S.K.: 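Got a structure for you, questions after.
Sequential numbering from 1 along the given sequence is applied to the chain's residues. Note that the structure is predicted; figures quoted are calculated from it, not measured.
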Amino acid sequence: MDNNPDGPAVSKRIKISKTQQEMLLIALVTAVILGICGVLIVFFAKYIKFNNKVIDAKNGAISNYEKTIKNVGVCRDTNRDGKFSDEELRKCNPDELDSANMPGTLRYNVMVDMAKNTDLESVARDSQDGCYDEDGEKIDFQKLIDGETNETKQAEYLARLKMCSALRVVPDALPAQANEEALMSSLNQIFIVSNWEPEALSPSGNAVSSSEGLSTIPVSLSVEASTATTMNVLNNIEKSIRTFDLQTATVSWSGQNYLSLHSQGVAYYTENADLVERSETVYASDHAKKKGNKS
């Protein structure tokens, strides 16, 4: 028999204390588990959001490639869904495509519209003997290009096409390289048409490249002749298919019919345009983006 009257109460308090300890331990473990779950939820939410950004960036790149292929006219969209499947790309051979069947593309605009546009003619095609076959018929160089797979032959036919079609006006108006000899030849032709012969003709400086692809060659022009001849030279420069931008000029008169002109200007040419691929970095957050741009 227990003679201690406080025995049962102490025993109850001990049991309650153990129960509280167990409850606190369970609550602590539960809080830890909930904390870990919360961290994991945030992590996976950010991970999913980041992957969505990556997928969107990839889809954007694919869309841009498809637009480029479609606009240039490299491949044909056989099912007309506006996209190019892997199967369509595998079967794509630009050398086998007929430019006439690619309306709305850059290829069609150049090879069909421009090549056959009589308004762009700079010289008579009849003066080019190489434009005709043995029977006197005009050679369809576009047809030869479309049916040829050899790159060397294609380049040869393309050069002949430029000489025998309205495409000739393109290199005449805006050359693809800084050819100072060709520039002097163009000026000399203007002088011949104007019935005036300069004492000397030479380049006036080095070509200057531009980041926008349009570059310039300095031109120095001096004309000392009768007023009618000088004005005739200026008028023919204005009519020239190649643009001469006269930026500064000094004009002086000597007598009644003698006009002296000294001017400085530029002629233009364009550099080859290439398709440039760019890389895009996808950041998980704006903070990471700012940090990445600073590094």
Side-chain angles (χ1 to χ4, degrees), residues 61-62 64-183 185-186 209 213-215 241-242 269-278:
I62 293 172
N64 289 335
Y65 274 114
E66 289 178 339
K67 288 179 181 178
T68 301
I69 294 173
K70 182 179 180 180
N71 293 338
V72 174
V74 178
C75 300
R76 180 177 297 177
D77 183 11
T78 54
N79 56 8
R80 300 179 182 276
D81 63 349
K83 299 180 179 180
F84 293 94
S85 64
D86 293 340
E87 183 67 20
E88 288 174 325
L89 292 176
R90 277 194 297 268
K91 293 181 178 180
C92 176
N93 187 350
D95 295 332
E96 296 179 355
L97 293 178
D98 185 356
S99 300
N101 295 327
M102 305 292 291
T105 65
L106 176 63
R107 182 174 184 164
Y108 182 92
N109 292 339
V110 173
M111 296 301 186
V112 179
D113 286 346
M114 291 182 65
K116 296 182 179 180
N117 189 331
T118 56
D119 293 333
L120 292 178
E121 289 284 3
S122 59
V123 294
R125 282 181 284 180
D126 294 342
S127 63
Q128 300 294 334
D129 295 334
C131 300
Y132 299 87
D133 58 19
E134 296 178 354
D135 298 327
E137 297 292 330
K138 289 182 178 178
I139 302 173
D140 189 349
F141 288 104
Q142 181 56 56
K143 186 177 181 179
L144 293 176
I145 292 174
D146 293 333
E148 182 60 63
T149 57
N150 184 281
E151 293 184 359
T152 303
K153 282 289 186 181
Q154 280 189 331
E156 179 184 342
Y157 291 147
L158 181 58
R160 300 284 291 278
L161 174 64
K162 293 177 181 179
M163 294 297 297
C164 299
S165 72
L167 291 178
R168 180 185 179 117
V169 73
V170 178
D172 285 348
L174 191 61
Q177 57 185 353
N179 191 332
E180 295 180 346
E181 290 77 10
L183 173 62
S185 178
S186 298
S209 298
L214 190 64
S215 305
I241 193 171
R242 184 166 187 178
Y269 71 95
T270 182
E271 299 176 349
N272 291 333
D274 297 322
L275 183 63
V276 179
E277 291 185 337
R278 64 182 180 87

S.K.: Is any side-chain heavy atom of E88 closer than 4.5 Å to one of D77?
M.R.: yes
S.K.: Which value, rounded to the nearest 0.5 Å, describes the distance between L144 atom CG and Y157 atom OH?
M.R.: 5.0 Å
S.K.: Could you tell me whether K91 and E87 have a side-chain N and a carboxylate O separated by less than 4.0 Å?
M.R.: yes
S.K.: How many angstroms lie between OH in Y269 and CD in E180, if you round to the nearest 0.5 Å?
M.R.: 9.0 Å
S.K.: Tell me if a side-chain donor or acceptor on T68 pairs with a main-chain N or O of N64 at a distance below 3.5 Å.
M.R.: yes
S.K.: Going from CD on E66 to OG on S85, what distance comes out if it is rounded to the nearest 0.5 angstrom?
M.R.: 9.5 Å
S.K.: Determine whether K70 and T105 make a side-chain contact, defined as any pair of heavy atoms from C-beta on separated by less than 4.5 Å.
M.R.: no
S.K.: For R242 and L174, run side-chain contact (heavy atoms from CB on, under 4.5 Å): C-alpha distance rounded to whole Å, both residues' side-chain angles, the deciding distance at 0.1 Å, then the answer.
M.R.: CA-CA 7 Å; R242 184 166 187 178; L174 191 61; over 6 Å; no
S.K.: Would the distance check show the side chain of E148 and the main-chain N or O of N150 forming a donor-acceptor pair, the cut-off being under 3.5 Å?
M.R.: yes
S.K.: Please report the interatomic distance CG(N93) to SG(C75), rounded to the nearest 0.5 Å.
M.R.: 8.5 Å
S.K.: Check Y108 against S99 and note the closest heavy-atom contact, atom names and distance.
M.R.: CD1-O, 3.1 Å
S.K.: Mind checking the CE-CG spacing from M114 to N109? Nearest 0.5 Å is all I need.
M.R.: 9.0 Å
S.K.: For the atom pair OG (S185) and CG (N179), what is the distance rounded to the nearest 0.5 Å?
M.R.: 9.0 Å
S.K.: Quick one: do V110 and L106 satisfy side-chain contact (heavy atoms from CB on, under 4.5 Å)? Show the steps, please.
M.R.: CA-CA 6 Å; V110 173; L106 176 63; 4.0 Å; yes
S.K.: Is there side-chain contact between L89 and I69, with heavy atoms separated by less than 4.5 Å?
M.R.: yes
S.K.: Does the R107 side chain pair with the main chain of P94, one donor and one acceptor, at a distance under 3.5 Å?
M.R.: yes
